[in-house]
Amino acid sequence: MKKALKAGIALAATMALFAGYAAVNWQSQPEAYPAAEVVETAVLRQGSTGGEVKEVQRRLKMWGYYNGEVDGIYGSKTVEAVKYFQRKNGLTVDGIAGKATFAALGMNDSVKALENDGGSGGGSNYTSSDLYLLAKCIYAEARGESYTGQVAVGAVILNRVDSPAFPNTIAGVIYQKNAFTAVSDGQINLEPDQTAMNAASDAMNGWDPTYGCLYYYNPAVATSSWIFGRETVTVIGKHVFAI
């Protein structure tokens with residue numbers, strides 16, 4: 001019995017010694033087990049989709065770098081267009097739209113969203129920068145309104161994105177010439193509060209208190225006779241929502 005116990009102890013010691021040797025031997029030969037390559041997380045790269053991709057494509061196309069469809073799909077043509085733009089602007093030529101490329105494209109809201117690590121918008125077709133920009137417009141245009149009224153303003157913007165009569169990106173809709181007073185007077189640059197962020201998220205998730213409206217206005221301050229001729233669908237707070 002004692003011999004068996006001694007033999008068991010000796011075997012255990014031998015196995016522990018072997019395991020220690022194996023661990024040291026593995027660490028001494030890193031070339032056999034190469035560490036995973038560490039790369040910077042890209043914002044947009046081949047295979048990305050959504051509204052932010054559309055905005056990159058739209059700007060590249062407007063400036064002559066891209067001749068494909070503005071379809072929100074980051075395919076090989078978009079990669080080559082981004083590389084062309086990067087090459088011409090002294091950026092790292094990798095075909096990836098990250099912070100530096102966003103800044104060079106003038107997509108400052110995308111840069112801001114990346115710096116703030118704003119997370120993801122509610123809708124699968126939108127990005128964190130879309131959410132942030134939508135919240136900025138909601139805050140600038142409707143911060144004195146009820147929560148439902150703020151969601152309604154966001155819904156109008158998203159309804160325009162979906163309409164063939166308007167640009168097909170959130171940035172395109174918001175920055176369309178003379179579309180929003182907040183852009184004209186600079187209030188779009190105010191920092192949105194959490195309520196506006198929540199309202200933007202709810203609008204992206206499909207809440208539309210306007211039932212599909214494409215326009216809204218405050219009759220107390222509106223000066224365009226054209227807008228008064230639109231068909232009213234609902235009134236929320238100080239805003240009339242129309243189609």
Side-chain angles (χ1 to χ4, degrees), residues 39-138 154-180 182-183 188-189 192 197 200-201 203-206 214:
V39 296
E40 182 180 355
T41 301
V43 177
L44 296 175
R45 64 167 73 219
Q46 187 161 4
S48 298
T49 60
E52 198 168 37
V53 176
K54 283 185 179 181
E55 185 60 18
V56 169
Q57 292 171 328
R58 187 186 71 79
R59 294 187 183 221
L60 290 172
K61 190 164 189 171
M62 180 175 63
W63 297 329
Y65 292 96
Y66 177 65
N67 59 7
E69 293 294 323
V70 179
D71 56 7
I73 301 172
Y74 206 112
S76 58
K77 284 188 176 181
T78 303
V79 171
E80 291 307 312
V82 170
K83 285 182 177 179
Y84 182 21
F85 175 80
Q86 290 170 332
R87 192 175 300 112
K88 287 288 187 178
N89 288 274
L91 304 171
T92 300
V93 182
D94 55 10
I96 296 171
K99 184 177 176 181
T101 299
F102 276 149
L105 284 166
M107 293 176 64
N108 296 321
D109 293 304
S110 297
V111 174
K112 182 72 173 178
L114 180 59
E115 289 175 342
N116 288 347
D117 192 23
S120 174
S124 60
N125 291 328
Y126 299 112
T127 65
S128 59
S129 63
D130 289 325
L131 176 70
Y132 179 70
L133 179 56
L134 184 61
K136 284 177 66 177
C137 196
I138 290 171
V156 167
I157 294 168
L158 297 179
N159 290 340
R160 289 188 179 189
V161 172
D162 291 336
S163 170
F166 294 90
N168 61 1
T169 66
I170 289 176
V173 166
I174 290 175
Y175 288 112
Q176 188 174 25
K177 188 176 180 180
N178 299 324
F180 294 95
V183 174
I188 191 67
N189 297 314
M197 292 293 291
S201 181
M204 284 184 171
N205 278 323
L214 295 172

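Index from 1, following the sequence.
Considering CD1 of Ile138 and CG of Leu133, their distance stands at 10.0 Å, rounded to 0.5 Å. Atom CG of Leu214 and atom OG of Ser163 lie 5.0 Å apart (nearest 0.5 Å). In this structure, the separation between CZ on Arg58 and CH2 on Trp63 is 8.5 Å, given to the nearest 0.5 Å. Distance check: Phe85 CZ to Leu105 CG gives 4.0 Å after rounding to the nearest 0.5 Å. With rounding to the nearest 0.5 Å, the separation of NZ in Lys83 from OG1 in Thr78 is 12.5 Å. Atom CD1 in Ile96 sits 4.0 Å away from atom CZ in Arg45 (nearest 0.5 Å).
The minimum heavy-atom distance between Gln46 and Ser76, with the atom names listed, is NE2-N, 3.7 Å. Shown here for Leu91 and Ala104, the closest heavy-atom pair between the two residues is CD1-CB, 3.9 Å. Contact record, Ala135 with Met197: CB-SD, 3.3 Å, taken as the closest heavy-atom pair. Heavy-atom minimum distance, Ala203 versus Ala155: CB-N, 3.9 Å. Nearest approach of Gly64 to Tyr84, heavy atoms of both residues: O-CE2, 4.3 Å.
In this structure, Asn168 has no side-chain hydrogen bond (donor to acceptor under 3.5 Å, both in side chains) partners at least two apart in sequence or on a different chain. Scored by the side-chain hydrogen bond (donor to acceptor under 3.5 Å, both in side chains) test, Asp94 finds Gln86 as partners (sequence neighbours excluded). A search for ring pair (Phe, Tyr, Trp, His ring centres under 6.0 Å) contacts involving Phe166 returns nothing, not counting sequence neighbours.
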If you look only at distance, which donor and acceptor atoms sit under 3.5 Å apart when one is on a side chain in residues 169-177 and the other is two or more places apart or in another chain?
unit_1: Thr169; atom_1: OG1; unit_2: Glu55; atom_2: OE1; d: 2.9
unit_1: Thr169; atom_1: OG1; unit_2: Gly172; atom_2: N; d: 2.9
unit_1: Tyr175; atom_1: OH; unit_2: Asp109; atom_2: OD2; d: 3.4

Table please: side-chain donor-acceptor pairs of residues 68-75 below 3.5 Å, with sequence neighbours left out.
unit_1: Asp71; atom_1: OD1; unit_2: Gln57; atom_2: NE2; d: 3.2
unit_1: Asp71; atom_1: OD1; unit_2: Ile73; atom_2: N; d: 3.0
unit_1: Tyr74; atom_1: OH; unit_2: Gly95; atom_2: O; d: 2.7
unit_1: Tyr74; atom_1: OH; unit_2: Ala97; atom_2: N; d: 3.4

- Could you give me the CA-CA distance, side-chain angles and deciding distance for Thr101 and Asn89, then say whether side chain to side chain contact (heavy atoms under 4.5 Å, CB included) is met? CA-CA 9 Å; Thr101 299; Asn89 288 274; over 6 Å; no
- Task: Given side chain to side chain contact (heavy atoms under 4.5 Å, CB included), test Val56 with Tyr66 step by step and report yes or no.
- Result: CA-CA 10 Å; Val56 169; Tyr66 177 65; over 6 Å; no
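Within a 6.0 Å sphere centred on NZ of Lys77, other residues, nucleotides and ligands contribute 12 heavy atoms or fewer.
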